[in-house]
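Side chains are part of it too, since the values below use all heavy atoms of this structure and drop only hydrogens, waters and symmetry mates. Residue numbers start from 1 in every chain, and the chains themselves are labelled A, B, ... in the order their sequence lines are given, proteins ahead of strands.
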Amino acid sequence: MENEKIENKSLNFIEQIIEKDLENNKNGGRLHFRFPPEPNGYLHIGHAKAICLSFGLGLHYKTKVNLRFDDTNPSKESIEYVDSIKKDVKWLGFDWDDREYYTSNYFEDLYQMGVKLIEKGKAYVCELSPEEIAKQKGTPTEPGQNSPYRDRSVEKNLELFKKMRDGEFEDGTKMLRAKIDMASSNMHMRDPIMYRIRRAHHHRTGDDWCIYPMYDFAHGQSDFIEKITHSLCTLEFEVHRPLYDWFIDQIAEEGEDRPRQIEFARLNLSYTIMSKRKLLELVEEGFVEGWDDPRMPTISGLRRRGFTAASIRNFAETIGIAKRNNVIDVALLEHSVKDDLNKIAPRVMGVIDPVKLIIDNYPQDKTEELELINNPEDESMGSRIVPFSKEVYIERNDFMEEPPKKFFRLGPDRMVRLKGAYVVKCTGYDKDETGKITAVHCEYDPETKSGSATKQVKVKGILHWVSVKHGIKVEVRQYDRLFNDPDPDGHKDKGFKDFINPNSLEIFNECYVEPSLKDVKPEDNFQFQRLGYFCVDKNSTKNNIIFNRTVPLRDNWSKKNK
RNA sequence: UGUCCCAUGGUGUAAUUGGCAACACGUCUGUUUUUGGUACAGAAGAGUUCAGGUUCGAGACCUGAUGGGACAACCA
């Protein structure tokens, strides 16, 4: 059945390429993929798209997928990021078995390849300064000029490259460049830098090296070393492909399997910023609590916010793979979570902004134990007991002194049902000097008890509630979008930080939930009736449970009256 | 005044490889419901950027234009 699904699904353009390669018995019909993050930040939803693509392909074709850390720039990378990446990929539900690789594992191989290129007369040591390099490189519309060091002898180049490695030169004073074509219309072919001198402590190789390969000289070769067949990356690397192929041309033997780079469009989400560099700014400048702040589009942020791995995988499946630049509506991501959580999240009752509802004709000391269904979507989730008594909290905005006709909730003389309990009729309300409502009064009809009603009363409104005597006090954090512009990064006159939504976090610390929630654990998901999906925050303690609102439930009345 | 890539409802992705455009989200309407959730039913919304060409027939192929994107880090 699973297979049928795949059969019927139309293939994206990458799968079509793969199918064709398979038909032609390219690489002997072998397939091998990889996901190559740089450990310089936390993974975000955009990476999730790439992860689901490559690992998904691995699952589909029952073949290997490597996790490779592209760690060639030690000054930005750290072990913290490595660990977070592993955790997040695993959490998403993917497995790289023992194929955890690092580009830094290949530093020696890469060095030898550099030597080989020099010997072939395809690389040279250059001593130009960054400014001089920029100048002689030309522009996209004007050709560049050859470096004065371009025609050094092989011997001299070999000697200098060795000395670079041995630490005989200052940082930035020399570099190894490929000898290609300074007049190429592709800027990346204008004698690109292969190695630079940089004395920085590497999180894996420590101080073993003072020269580090550049991306272009490391990535394709790493793919080649790992015998990757299809190297998937985002569109901005399209112009790098000729260089990717050129380097492999230099090292691959005739007839040897070689990787093929295929580019796809990166994910853009409305109201969301997706640049690691900018996310780092938000973290460092304290606009959010950290990489896993629930407002962040990081995997860890989404997880803390209550998103499930399945929902993210489904989302990735839904948005598809293509080469067109896109901006996906966050509503689609939210739909994915709601869809998943609707099936698995237990329904519970809680009141975020409470006001007392006093049932005047209910006995003072009586407590009734009502049985409520945990999830109408899934009977196997059973039911639970919720205590009911004379005084309950209801949502402050579930009562209006002068309600309009379309308002189905409580107002003077109006009737509603208290979820799982009785139909009540509002008989009055109390106010303090400031005009604030302090309590709402009502009378209940004993014959309307849920499940065993002897009288049928039709009401339009059903309110959630928590018994005052039995409720547990908790803290609730509601998150709104971090940016109040659909494209915070798309303005020339303003920076993305000008669009930060100052009300993106709202804390309610006077909230009450039903007693069944006494022993919740971080990452537990719930649907609070009528309010939305909530997730227990990792910082919760026994005495202070914190709920993050994952995503609100649709509420037509409030929507129309905004 | 360069090279490369892209162009399908509001958004994203399809279209069995040339047979008059489908699916999902969103929007709207209705039904059911002890969640204004869910489920179900239905509606509106593109004639495929434009102009030529090939063809009995083009969203698909060709040419040109237009629009958008990428490329000038000792970043990846």
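Among the atoms of the strands shown, only primed sugar atoms or phosphate atoms (P, OP1, OP2) are found under 4.0 Å from some heavy atom of A:E38. Among the atoms of the strands shown, only primed sugar atoms or phosphate atoms (P, OP1, OP2) are found under 4.0 Å from some heavy atom of A:M214. Among the protein residues, A:R347 comes within range of the nucleic acid bases, having at least one heavy atom under 4.0 Å from a base atom. Using a 4.0 Å heavy-atom distance criterion, A:N186 is classed as making no nucleic acid contact. Among the heavy atoms of the strands lying under 4.0 Å from A:F407 is at least one base atom, whether or not backbone atoms are also near. As judged by a 4.0 angstrom heavy-atom cut-off over every strand, A:V423 is placed among residues making no nucleic acid contact.
The stretch residues 267-276 of chain A does not touch RNA chain B, since none of its heavy atoms comes less than 4.0 Å from the strand. Listed by residue number, A:D70, A:T72, A:N73 are the residues of residues 67-78 of chain A with a heavy-atom contact under 4.0 Å to RNA chain B.
Comparing B:rG36, B:rU38, B:rG12 against the side chain of A:I328 picks out B:rG12 as the nearest. Side chain of A:V239, nearest nucleotide from B:rU35, B:rC71, B:rC74: B:rC71. With distances taken from any side-chain atom of A:K458 to the nucleotides B:rG36, B:rU33, B:rU1, the minimum falls on B:rU33. Comparing B:rG36, B:rC74, B:rG37 by their closest approach to the side chain of A:Q527 singles out B:rG37.
Taking atom P in both B:rU48 and B:rG10, the straight-line distance is 13 Å, to the nearest Å. To the nearest whole angstrom, the two C1' atoms, one in B:rA22 and one in B:rG69, are 27 Å apart. When the P atom is compared between B:rU63 and B:rC4, the two are found 13 Å apart, to the nearest whole Å. Comparing the C1' positions of B:rG64 and B:rC71 gives an interatomic distance of 25 Å, to the nearest angstrom. Spacing between B:rC20 and B:rG47 at atom C1', rounded to whole Å, works out to 8 Å. Annotation: B:rC50 and B:rA21 have their P atoms spaced 16 Å apart (nearest Å).
The phosphate of B:rA76 (OP1 or OP2) has no side-chain N or O of A:R277 nearer than 4.0 angstrom. Between A:R190 and B:rC71 there is no side-chain N or O to OP1 or OP2 distance below 4.0 Å.
In this structure, CG of A:N556 is placed 8 Å from P of B:rC28, rounded to the nearest angstrom. Atom P of nucleotide B:rA39 and atom CG of A:N375 are separated by 12 Å, given to the nearest angstrom.
The existence of a salt bridge linking A:R150 and A:D191 is confirmed by a sub-4.0 Å separation between a basic side-chain nitrogen and an acidic carboxylate oxygen. Salt bridge absent: A:R384 and A:E371 never bring a charged side-chain N and a carboxylate O closer than 4.0 Å. We find that A:D445 and A:K455 are joined by a salt bridge, their nearest charged nitrogen and carboxylate oxygen being less than 4.0 Å apart. A salt bridge between A:D223 and A:R260 is absent, with no side-chain N of the basic residue lying under 4.0 Å from a carboxylate O of the acidic one. A salt bridge links A:E281 and A:R277; the closest N-O separation between the charged side-chain nitrogens and carboxylate oxygens is under 4.0 Å. Between A:D555 and A:R409 there is a salt bridge, since at least one side-chain N of the basic residue sits less than 4.0 Å from a carboxylate O of the acidic one. Using a 4.0 Å cut-off between charged nitrogen and carboxylate oxygen, A:E238 and A:K323 count as a salt-bridge pair. Under 4.0 Å is where a charged nitrogen must lie from a carboxylate oxygen, and between A:K162 and A:D166 at least one such pair does.
When ring centroids are compared, A:W557 and A:F408 stay outside the 6.0 Å threshold. The aromatic ring centroids of A:Y215 and A:F237 lie less than 6.0 Å from each other.
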Report, as a single string ordered 5' to 3', how protein heavy atoms within less than 4.0 Å touch nucleotides 13-26 of chain B: B base, S sugar-phosphate only, - not at all. SSS-B-------S-
Report the C-alpha separation of A:Y81 and A:E38 in whole Å, then their side-chain angles, then the decisive distance to 0.1 Å, and conclude whether the side chain to side chain donor-acceptor pair (under 3.5 Å) test is met. CA-CA 9 Å; A:Y81 295 137; A:E38 182 191 9; over 6 Å; no
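With sequence neighbours left out, A:F247 forms a ring pair (Phe, Tyr, Trp, His ring centres under 6.0 Å) with A:F217.
From A:D353, atom CG reaches atom CG of A:N397 across 7.0 Å, with rounding to the nearest 0.5 Å.
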RNA chain B in dot-bracket, Watson-Crick or G-U pairs under 3.5 Å, [ ] crossing, | other strand? .((((((..((((.....[..)))).(((((.......))))).....(((((..]....))))))))))).....
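Classified by its glycosidic torsion, B:rU35 falls in the anti category, the angle being over 90° from 0. In this structure B:rG47 sits in the syn conformation; its chi angle is within 90° of 0.
Counting atom types as modelled, A:E238 pairs no side-chain N or O with a base atom of B:rG69 as donor and acceptor under 3.5 Å. For B:rA70, its base never sits under 3.5 Å from the side chain of A:H240 at any donor and acceptor pair.
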Are any protein N/O atoms closer than 3.5 Å to N/O atoms in nucleotides 44-50 of chain B? If there are, list each pair with its distance.
none

